Amino acid sequence: ETIDATGLHVIPGAIDVHVHVREPGFSHKETWTSATRAAAVGGVTTVFDMPNTNPPTASVAALDRKHAIAGSQAIVDYGLYGLIGEHNLDQLEAMAQAGAASFKLYMGSENPLVPCPPDGAIVAAFEILARLGIRTTVHAENTPLLTWRGETLRAAGRTDAAAHLEQHIDLAAVEAVSRTAIFAEWTGAKVHIAHESTRHSLPHIRFAKARGVDLTVETCPHYLFLSTDDGGRLGDNFMRVKPPVREPGHAGPLWDALLDGTIDMLSTDHAPHLMSEKTRDVIWDCAPGFPGVETSMVLMLAQVSRGRLTLGQYVRMACEAPAEAFGMFPRKGVLMVGADADIVLIDMSKTGRITAAGLHSIGNATPFEGFALHGMPVRTLVRGKTVALDGRPVGPPGWGRPVTVRRT
Ligand code: NCD
Ligand code: ZN
Ligand code: ZN
């Protein structure tokens with residue numbers, strides 16, 4: 001194919017290491033087809049899929065099944081997370097051999113599909129993953145660990161206390177980040193902090209890095225562009241996401257940390273739900289999370305246009321840092337794009353607005369409705385082949401391949 005890139009910017013495809021594709025189990029929210037079409041249009045050429053599906057990706061059989069589904073539908077490349085549970089530690093190595101790109105640990109999950117292992121099991125898991133040389137991504141939040149007569153606060157009927165903790169006490173996330181870093185230092189494990197949401201974690205992250213812990217950290221657009229002040233516009237229940245979007249005063253320090261490298265990378269925690277699932281009367285009945293793969297690059301390019309960051313800084317946080325942290329490059333210093341032509345062409349003069357209706361995800365309940373855009377990806381190539389053109393996915397289903405990661 002002949003490509004005319006006159007006047008366009010050329011960057012590597014974004015690598016989003018935090019995506020909930022939803023299949024198997026929740027295909028009414030998203031499928032491998034819809035998620036990877038959204039990713040392609042959004043300039044994302046590799047997604048790492050989270051294991052909180054049904055069944056959860058906690059065994060070789062579940063991983064094989066997900067590889068089959070992804071392989072037949074995906075139009076961008078993908079890595080699959082394996083789940084770390086208290087009862088599957090003896091299977092982590094086999095899952096790694098079966099192609100798990102990374103592993104995910106939930107601290108503070110109340111989802112029975114992905115229960116939260118006790119600290120002893122977390123340390124045991126970190127020891128195994130350290131030996132395997134695989135980075136482990138941690139959902140570092142601990143509110144459900146505060147129990148009352150052996151039950152979580154919510155299960156024990158103390159819903160006001162549980163609500164207050166989940167929505168307002170960001171020290172519950174700070175504690176879990178700090179505990180993760182301590183366990184990583186003990187075991188020598190490489191860990192990755194998912195969806196960093198609060199400025200109060202930043203000193204703990206800096207402290208761990210200064211002590212030599214192999215810690216990487218991501219944040220997501222909803223923590224950079226929103227605050228609790230947006231609850232009035234969007235509805236507090238709609239805004240529910242884990243961890244919660246914080247009060248005004250956090251986004252600025254998170255931006256600074258992302259630009260100075262304390263936070264290594266940008267991911268999205270792409271967590272699509274139907275609008276009906278996000279707009280229920282009781283906050284606990286509202287599904288947490290937002291779609292993100294299609295809106296992250298355009299949101300950031302609008303900030304590039306405003307001069308808040310350079311395109312080079314964006315490439316560092318969205319393309320290079322994830323490739324480096326998760327071992328997706330053939331040699332140190334060799335950029336992923338040089339290896340296999342995952343490329344995005346950007347038209348920095350193109351303007352528009354985000355609309356839920358225009359997104360390719362099934363669960364399209366975006367908090368960024370109406371956000372003004374300046375700079376958009378106009379063509380996305382995966383391994384040299386165009387998979388999205390002018391806002392439309394064009395890739396053939398099944399073009400996406402599992403990534404190979406280097407273990408160190
Ligand atoms: C995620 C989801 O819906 O799967 N939701 C969220 O609010 N982030 C789960 C998660 O990442 O913890
Ligand atoms: Zn999470
Ligand atoms: Zn998530």
Side-chain angles (χ1 to χ4, degrees), residues 16-31 34-35 39 47-58 66 79-85 102-117 122 136-145 163 166-167 170 172-173 176-177 180 191-198 201 217-223 226 234 236-246 265-280 283-293 296 322 361-367:
D16 190 341
V17 299
H18 194 147
V19 175
H20 297 269
V21 175
R22 304 294 190 208
E23 269 188 313
F26 304 99
S27 46
H28 70 285
K29 296 177 193 277
E30 191 78 301
T31 65
S34 61
V47 295
F48 273 37
D49 170 64
M50 284 295 170
N52 61 335
T53 43
N54 194 6
T57 322
K66 193 177 267 189
L80 300 184
Y81 275 101
L83 177 74
I84 296 173
S102 180
F103 286 84
K104 175 76 181 284
L105 172 78
Y106 286 85
M107 280 179 168
S109 159
E110 286 183 276
N111 175 356
L113 287 169
V114 291
C116 174
I122 294 174
T136 302
T137 295
V138 182
H139 178 123
E141 250 191 323
N142 82 350
T143 49
L145 299 187
E166 181 183 307
Q167 292 300 117
D170 59 355
V177 167
T180 298
V191 295
H192 178 71
I193 300 292
H195 41 49
E196 183 47 62
S197 63
T198 166
S201 288
V217 183
E218 66 183 30
T219 190
C220 315
H222 41 282
Y223 304 115
L226 304 175
L234 294 165
D236 289 333
N237 290 6
F238 176 94
M239 284 269 286
R240 186 173 183 225
V241 58
K242 293 181 174 191
V245 167
R246 307 295 177 185
M265 69 188 76
L266 186 71
S267 71
T268 66
D269 193 6
H270 177 83
H273 301 285
L274 301 185
M275 190 59 97
S276 58
E277 297 171 315
K278 286 199 65 65
T279 51
R280 293 180 177 135
I283 191 164
W284 307 119
D285 297 335
C286 292
F290 315 111
V293 286
S296 183
S361 283
I362 297 172
N364 63 0
T366 177

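Just the heavy atoms: all of them, side chains too, but no hydrogens, waters or symmetry mates, feed the values below. Just so you know, residue 1 is the first one in the sequence shown, and it goes up from there. For ligands, and for the atoms within them, numbers begin at 1 and follow the listed sequence. Quick caveat: nothing in here was measured; it's all calculated off a predicted structure.
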Between Thr268 and Asp16, is there a side-chain donor-acceptor contact under 3.5 Å, judged purely by atom types and distance? yes

Is it the side chain, the backbone, both or neither of Asn52 that has a heavy atom closer than 4.0 Å to ligand 1? side chain

Show me which atoms of ligand 1 lie under 4.0 Å from any heavy atom of Gly289. 7 (O)

Counting N and O atoms only, with roles assigned by atom type, does the side chain of Thr279 sit under 3.5 Å from a partner on the main chain of Met275, one being a donor and the other an acceptor? yes

Can you see whether His192 engages Glu218 through a side-chain donor-acceptor pair at a distance of less than 3.5 angstrom? yes

Under a 3.5 Å cutoff, is there a donor and acceptor pairing between the side chains of Tyr81 and Thr57? no

Does ligand 1 have any atom sitting under 4.0 Å from a heavy atom of Arg22? yes

If only atom types and distance count, is the side chain of Asp170 paired as donor or acceptor with the main-chain N or O of Thr198 below 3.5 Å? no

Identify the protein heavy atom lying closest to atom 7 (O) of ligand 1, giving its residue, its atom name and the separation to 0.1 Å. Lys242 N, 2.8 Å

Using a distance-only test with no angle check, is there a side-chain donor-acceptor pair under 3.5 angstrom linking Glu196 and Thr219? no

May I ask you to check if ligand 1 and Pro288 share an N or O to N or O distance below 3.5 Å? yes

Here the atoms of ligand 1 under 4.0 Å from any heavy atom belonging to His139 are 10 (C), 12 (O)

For the residue pair His273 / Arg240, report whether a side-chain donor-acceptor contact shorter than 3.5 Å exists. no

Any idea which protein heavy atom is nearest atom 8 (N) of ligand 1, and the distance to it? Asp269 OD2, 2.7 Å

heavy-atom search around atom 1 (C) of ligand 1 in the protein gives His20 NE2, 3.7 Å

Would you call Glu277 and Lys29 a salt bridge, using N to O less than 4.0 angstrom? yes

What are the atoms of ligand 1, with element, lying closer than 4.0 Å to any heavy atom of Val241? 7 (O)

What part of His18, side chain, backbone, both or neither, has a heavy atom within less than 4.0 angstrom of ligand 1? side chain

Taking only non-hydrogen atoms of His273, do any sit less than 4.0 angstrom from ligand 1? yes

Aromatic contact between His139 and His195, with the criterion being ring centroids under 6.0 Å apart: yes or no? yes

Classify the side-chain pair Thr53/Lys66 by whether it contains a donor and acceptor separated by less than 3.5 Å. yes

Could you give me a count of protein N/O/S atoms that are under 2.8 Å from the Zn ion (ligand 3)? 3

Anything under 30° is parallel, anything over 60° is perpendicular, the rest tilted; go ahead and classify His222 against Phe290. perpendicular

